[in-house]
Amino acid sequence: MPYVRWSRYFLPTWKEEPAEADLPSHKLMLRAGLIRPLAAGIYTYLPFGWRALRKVEAIVREEMDTIGGAELHMPIVHPAELWARTGRLEDFGPQLVRFADRAGREMVLGPTHEEVVTDLARREIQSWRQLPLMLYQIQTKFRDEPRARGGLVRVREFTMKDGYSFHEDASDLDRYYPEVYRAYERIFRRCGLATVAVEADPGLMGGSGSHEFMLMSDQGEDTFVQCPGCGYAANREGAVAVKSSDPDEGLRPVEEVATPGCYTIEAVAGFLGVPTRKTAKAVFFRAGARVVFVVIRGDLEVNEAKLARLLGTAELAPASEEEIAAIGAVPGYASPIGISARGAMIVVDDSIPQARNLVAGANKEGFHLRNVNFPRDFQASLVGDIALARDGDPCVRCGAPLRVRRGIELGHIFKLGTKYSQALGATFLDRDGQARPLVMGCYGIGIGRLLAAVIEAHHDEEGIVWPASVAPFHVLVTALNPEGDQHLALATSIAARLAQHGLDVLLDDRKRSPGEKFHDAKLVGIPVLAAVGPRSLRRGQVELERRCDGVRDVVSADLAAIERAVGDLLRAASG
RNA sequence: CGGAGAGUAGCGCAGCUUGGUCAGCGCGCAUGGUUCGGGACCAUGAGGUCGGCGGUUCAAAUCCGCCCUCUCCGACCA
């Protein structure tokens, strides 16, 4: 492979920090010439960034191939009709970009490819003998995100590895799924990232399991719960925690008490001198046409994802003042007692049945009720866990206090089941000659986000510090004084030699001051720098510097010696 | 979609309150020269319909209205 000459390459660097960027990875990807924005959440990959992306892709390909994946490439433009058949033309909402072709046919830009791959499987897979099958692609997706942000962490147009497996039954999917899980762990580890696999909420997607792979980061766009005791980790939406309960006490009779001006739980609890956990909080939602009256212990928060799952609906929104008034509830003093008759649905968190003698609203401005008890005083349409797990709550498995953490979601794997194969009629004949829907799994990795995550995890004040595995180049050979002929000549032969031996080499042959070139070297973060300059060359030596720890070494200006030393440094840098 | 902030040269910014020598600074860029090991120096120069449209005014980067774009927070998120 030939080496690349910086003077003829396209690697524009910025000395100053761009005002528009906030995340370190975003700033550095702009400054070190990896990407340039075209529009919100839409980026051009410059040659340097594209090289890095290809390195990440190569790792992903290798690991996908290792678990039997076969790479293919599906279209970006899909007929809308296909999406209508699974119902996702509507479900995906405005994130799905739609347009008509010249003949007026409705088309969409693919935000993901379950429909297309399932349609392919429907046509091609007829027999159990063709199973199992893993197909994957690395391809551009478009989702019109309501809020693109953070550079490549959340974009609208992005490169994604999406894989789909097909099985004759759920148990074969159960057997294969852990293989993908382990492949994902290898992918992220090889990219130099320590990820946490988090149990995710299968939600309305159905299926029996799902994991998200998170990079722990305070800058993360996602939240999850982790137990330091037993390792339990779950997406915030699905995380369960123990709800501590108070010692049992006898039921006391309900009594009305004046609480003027107490519109919040804190105000009521403070006014009456009871802890918030001794109150019942009312929260209102609208699920489709119905108003949902949620009752939860005052110290807890409603987890809307859990509530939506319990209700079996995707349409859940906070109720308006009018909707709340329409069911006869008084905001600030709302009470579940006497509401059910008015047609609202009452959902009770499972913290409520355990609690005794709570303070709840009286449905009358300025009054609350003491000693409200479920189910003595009011009934529920549904009871279940709808509370948000909090930092410090006891783990359901081991009791240790849970921690809430932020992270960047790098990958998501999913046991899909038969949702898509059933909707699209993708069946095969099993061993008994029976037609059955294909059982599917799907597996995604955001490649660009993964690249951003690598930089998020590997940088310092001066620039990127690439792990050797995904570095765009292994070695940067700098001729410090190119006008002084012999430096450039030696640097060039070093670059040629290293390239000949399989390394990716960038030769900095630009006519710039040494200071500038050293700073650029730090910024672009190539693992090993070989500097050819008068100071060391006078002693017949070349200076080597390792980016990750700044360790410097001089070796004699002999090609074989340099090649050896560079190899040693690289090995140490990837360890 | 709600809240906040910002659009002036490739990048970072000042000017706007109080309309009129305000088209400016630093970096970068070009040319020539001097430099050459951790973002050098001198000289000369190019580069902007001040986000757009409309309005007020003798006069608008500056005041008013509408729109567009970008960033951050939230809602949202396979």
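Excluded from the calculations below are hydrogen atoms, water molecules and symmetry mates; all remaining heavy atoms, backbone and side chain alike, are included.
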Applying the 3.5 Å cut-off to both distances, the Watson-Crick or G-U partner of B:rC53 turns out to be B:rG65
Which part of the nucleic acid, if any, lies within reach of A:R154 when heavy atoms closer than 4.0 Å are counted: base, sugar-phosphate only, or nothing?
-> base
Mark yes or no for a side-chain to base donor-acceptor pair under 3.5 Å between A:S536 and B:rG37, with no hydrogen or angle criteria applied.
-> yes
With sequence neighbours left out, what residues match A:D174 under side chain to side chain donor-acceptor pair (under 3.5 Å)?
-> A:K415
Do A:F473 and A:Y9 have their ring centres less than 6.0 Å from each other?
-> yes
With a non-hydrogen cut-off below 4.0 angstrom, is A:G533 in contact with a base, only sugar-phosphate, or nothing?
-> base
Is the shortest side-chain N to carboxylate O distance from A:D144 to A:R98 below 4.0 Å?
-> no
Any donor-acceptor pair under 3.5 Å from A:R449 side chain to A:V153 backbone | yes
Any strand: nucleotide that pairs with B:rC1 via Watson-Crick or wobble, under 3.5 Å | B:rG74
Applying the 3.5 Å cut-off to both distances, the Watson-Crick or G-U partner of B:rC13 turns out to be B:rG24
Nearest-Å distance for atom pair NZ/P, residues A:K27 and B:rC70 = 20 Å
Distances under 3.5 Å between nitrogen or oxygen atoms of protein and nucleotides 7-13 of chain B:
| residue | atom | partner | partner atom | Å |
| --- | --- | --- | --- | --- |
| B:rC11 | O2 | A:E16 | OE2 | 3.4 |
| B:rG12 | OP1 | A:A19 | N | 3.1 |

Which value, in whole Å, describes the distance between the P atoms of nucleotides B:rA46 and B:rG24?
-> 13 Å
According to a strict under-4.0 Å criterion, is A:S513 in side-chain N/O contact with OP1 or OP2 of B:rA40?
-> yes
Pair partner, B:rU35 [Watson-Crick or wobble, under 3.5 Å] = none
Rounded to whole angstroms, how far apart are CZ on A:R147 and C1' on B:rC70?
-> 13 Å
Do A:E545 side-chain and B:rG38 base share a donor-acceptor contact under 3.5 Å?
-> yes
Remember a base hit wins even if backbone is also touched, and classify A:E304 as base, sugar-phosphate or nothing at under 4.0 Å, heavy atoms.
-> sugar-phosphate
B:rG37 P sits how many Å from A:L480 CG, rounded?
-> 8 Å
So, the side chain of A:D520 versus the backbone of A:L523: is there a donor-acceptor pair under 3.5 Å, distance only?
-> no
Before giving the answer on ring pair (Phe, Tyr, Trp, His ring centres under 6.0 Å), spell out for A:H211 and A:F213 the whole-Å C-alpha distance, their side-chain angles and the decisive distance to 0.1 Å.
-> CA-CA 7 Å; A:H211 288 86; A:F213 290 80; 7.1 Å; no
Give a yes or no on whether the ring-centroid distance for A:Y443 and A:Y136 is below 6.0 angstrom.
-> no
Paired with B:rG48: which nucleotide, if any, by Watson-Crick or G-U wobble criteria at under 3.5 Å for both distances?
-> none
Walking RNA chain B from its 5' end, the first of A:Y443 and A:T13 to be reached, judged by nearest nucleotide, is A:T13
Assert yes or no for the condition that the ring centre distance of A:Y176 to A:H167 is strictly below 6.0 Å.
-> yes
Picking from B:rG39, B:rC76, B:rC70, the nucleotide nearest the side-chain atoms of A:A39 would be B:rC70
Grab the NZ-P distance between A:K511 and B:rU34 for me, whole Å please.
-> 15 Å
Counting any heavy atom closer than 4.0 Å, what does A:D162 reach on the DNA or RNA strands: base, sugar-phosphate only, or nothing?
-> nothing
base_contact_polar (B:rC36 base, A:R512 side chain, donor-acceptor, <3.5 Å) = no
For RNA chain B, whose closest nucleotide is more 5', that of A:G515 or that of A:E212?
-> A:G515
Identify whether any heavy atom of A:R538 sits under 4.0 Å from a base atom; if not, whether one sits that close to sugar-phosphate; answer base, sugar-phosphate or nothing.
-> nothing
Using a heavy-atom cut-off of under 4.0 Å over every strand shown, decide if A:P534 touches base, sugar-phosphate, or nothing.
-> base
